2 protein chains.
Amino acid sequence: MISVLLVGTGNVATHLYTAFLKADTIAITQISSRKLENIPEADLTIIAVSDDAIAEVSSKTNNKFVVHTSGGCAIDELKNKNNKGVFYMLQTFSKGKEVNFNDVPFCLEATNKKDQQLLDAVAKSIGQKIYKVDSEQRKALHVAAVFVNNFTNHLYKIGNDICTENKVPFEVLLPLIKETASKIESLSPDKAQTGPAVRKDKKTIKNHLDLLNLNQQEIYQLLTKSIQNSVD
Amino acid sequence: MISVLLVGTGNVATHLYTAFLKADTIAITQISSRKLENIPEADLTIIAVSDDAIAEVSSKTNNKFVVHTSGGCAIDELKNKNNKGVFYMLQTFSKGKEVNFNDVPFCLEATNKKDQQLLDAVAKSIGQKIYKVDSEQRKALHVAAVFVNNFTNHLYKIGNDICTENKVPFEVLLPLIKETASKIESLSPDKAQTGPAVRKDKKTIKNHLDLLNLNQQEIYQLLTKSIQNSVD
């Protein structure tokens with residue numbers, strides 16, 4: 001049995017707590033980061049709080065092995081005295097939407113083999129996609145995630161805006177959105193690229209630009225240029 | 001029984017032919033656009049050729065009702081003498097990958113009610129998502145599709161590049177990509193937006209920019225600005 005202490009009450013902490021409760025090999029305790037007077041001991045202490053609070057919260061525990069869950073923070077953001085690590089789940093968590101942890105990539109970092117094995121065991125108790133990822137690699141993943149999640153979602157928003165302006169239901173685009181995401185499970189993004197930019201179809205590109213507002217035009221032009229440069 | 005003549009041998013024509021073969025209510029014939037000396041008669045003639053060839057191919061038939069399948073072309077790109085229409089499927093078709101036509105939105109345009117009903121019946125023989133879409137609306141959908149498909153795929157490519165440069169497997173990002181696409185089936189893109197841009201987290205944005213090449217930085221900055229303007 002591995003004892004795990006979860007500090008935090010946000011989205012990530014809540015989903016993790018629910019999952020650990022069901023795991024046979026984990027004894028889970030959760031506390032709020034606002035009540036740190038009596039921190040219980042544990043084999044592993046997972047600090048799942050906002051990036052800005054990691055330093056302060058971690059400085060208040062003497063537990064033997066403390067990890068944070070942030071993709072954007074290096075391991076040395078932790079200010080506890082003992083062992084440090086990172087337990088980063090590369091997924092978007094929504095309130096009220098159940099998480100299937102079997103589909104969540106666990107990106108784990110520790111400073112010695114024993115700690116890494118403990119993190120592995122804890123992650124395996126609730127999931128199955130386990131990766132050893134150091135702070136530099138995690139930084140890269142975090143930026144890449146901004147492109148494939150945050151920025152992609154913004155392109156969906158622009159698609160939605162164009163539909164609304166032209167009185168077509170956005171739902172017409174949903175099957176295409178789904179297929180675009182599913183296609184690159186079997187095809188590299190290079191091979192999956194289609195459309196007027198990669199075909200250098202100037203006539204269609206001009207027709208499209210005529211239909212867009214200034215902000216949309218700027219994005220259309222920059223991404224078209226970037227696609228064309230990437231295949232030159 | 002509705003007789004359908006399919007002109008063209010590309011991706012779209014091939015997938016359509018396979019689907020119509022299985023439809024009880026359709027008698028399907030397919031011909032190459034290079035052999036237009038003897039064009040068979042049909043209730044509906046579907047010209048599934050490249051945008052540039054639509055005018056020429058359509059000018060060679062006297063059939064009573066002729067449609068093209070292009071999202072990027074207006075209905076008057078057709079140069080046949082009789083009735084005109086559009087049979088546009090808003091999906092990305094890949095060679096060798098089977099298409100589930102039940103998931104394909106059929107965007108149909110005709111110039112009279114009887115033709116519209118015929119297109120409806122033909123689409124319903126192989127699919128179930130049927131939309132009446134005029135040339136202006138289709139133009140808008142076509143641009144929106146560039147954003148949610150072509151440009152999104154390019155963001156996947158950038159994510160892939162960042163992973164390769166930093167020696168992390170791109171597959172770590174696949175669950176996030178899938179979840180991002182599936183999230184907006186139940187959440188509007190506005191509500192689904194997360195990340196440093198919408199949080200105005202300047203520290204993380206700076207850290208990210210430091211890791212990117214010039215082209216990636218330019219895209220990161222423009223999309224970050226666009227996200228921030230959209231929530232102001």
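Please read these numbers as outputs of a predicted model, since none were measured by experiment. Note on naming: letters A, B, ... go to the chains in the order of the sequence lines (proteins, then strands), and numbering restarts at 1 for each one.
At a 4.5 Å heavy-atom cutoff, the contact between B:V146 and chain A is made by side-chain atoms alone. When heavy atoms are compared at a cutoff of 4.5 Å, A:T204 approaches chain B solely by way of its side chain, counted from C-beta outward. Residue A:Y220 touches chain B through both its backbone and its side chain, counting heavy-atom pairs closer than 4.5 Å. If you measure heavy-atom distances from A:K203 to chain B, the contacts under 4.5 Å come from the side chain alone. Of the atoms belonging to B:K139, heavy atoms from both backbone and side chain fall under 4.5 Å from chain A. Looking at A:N149, both its backbone and its side chain come within 4.5 Å of chain B, counting heavy atoms on both sides. Residue contact with chain B, scored on non-hydrogen atoms closer than 4.5 Å, involves the side chain of A:I158 exclusively. In this structure, chain B has a heavy atom under 4.5 Å from the side chain of A:C107, while its backbone stays farther away.
With 3.5 Å as the limit, one finds a donor-acceptor pair spanning the side chains of B:N153 and A:Q193.
Between A:I219 and B:F147, the closest side-chain pair of non-hydrogen atoms falls below 4.5 Å. Here the side chains of A:F170 and B:P189 are in contact, with some heavy-atom distance below 4.5 Å.
Taking A:N160, A:N207, A:L141, A:V104 one by one and counting their heavy-atom pairs under 4.5 Å with chain B, the maximum is reached by A:L141. When each of A:D201, A:I184, A:N215 is checked for heavy-atom pairs under 4.5 Å with chain B, A:I184 comes out on top. Contact tally against chain B (heavy-atom pairs below 4.5 Å) for A:D52, A:L212, A:L187, A:N229: the top residue is A:L212. Top candidate by heavy-atom pairs under 4.5 Å with chain A, chosen from B:P105, B:P175, B:G195, B:P169, is B:P175. Heavy-atom pairs under 4.5 Å with chain A peak, among B:A140, B:P196, B:G159, at B:A140. Heavy-atom pairs under 4.5 Å with chain B were tallied for A:L211, A:V172, A:L173, A:L174; the largest tally goes to A:V172. Your options are A:N166, A:I227, A:L90, A:D103, and the one with the most heavy-atom pairs under 4.5 Å with chain B is A:I227. With chain B as the partner, the residue from A:E165, A:H208, A:K183, A:Q216 showing the most heavy-atom pairs under 4.5 Å is A:H208. If you tally non-hydrogen atom pairs under 4.5 Å between each of B:N150, B:I162, B:T224 and chain A, the highest count goes to B:N150. Taking chain A as the reference chain and counting heavy-atom pairs below 4.5 Å, the highest number among B:S182, B:A197, B:S230 is found for B:S230.
Of all heavy-atom pairs between B:Y156 and A:T180, the closest is CE1-O, 3.7 Å.
Note on B:E185 versus A:K178: salt bridge recorded, some NZ/NE/NH1/NH2 to OD/OE distance being below 4.0 Å.
Taken from NE2 in B:H154 to OG1 in A:T152, the straight-line distance is 11.0 Å, to the nearest 0.5 Å. Going from atom CZ of B:F151 over to atom CG of A:L155 covers 8.0 Å, rounded to the nearest 0.5 Å. With rounding to the nearest 0.5 Å, the separation of CD1 in A:I177 from OG1 in B:T92 is 13.0 Å.
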Test log, rule side-chain contact (heavy atoms from CB on, under 4.5 Å), inputs A:E218 and B:S226: CA-CA 10 Å; A:E218 212 182 340; B:S226 179; over 6 Å; no
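Among the residues in residues 121-132 of chain B, those with a non-hydrogen atom closer than 4.5 angstrom to a non-hydrogen atom of chain A are B:K129, B:Y131.
The one candidate from B:Q137, B:E136, B:R138 that meets the side chain to side chain contact (heavy atoms under 4.5 Å, CB included) condition with A:V168 is B:Q137.
No more than 12 heavy atoms of other residues, nucleotides or ligands sit less than 6.0 Å from atom CD of B:E56.
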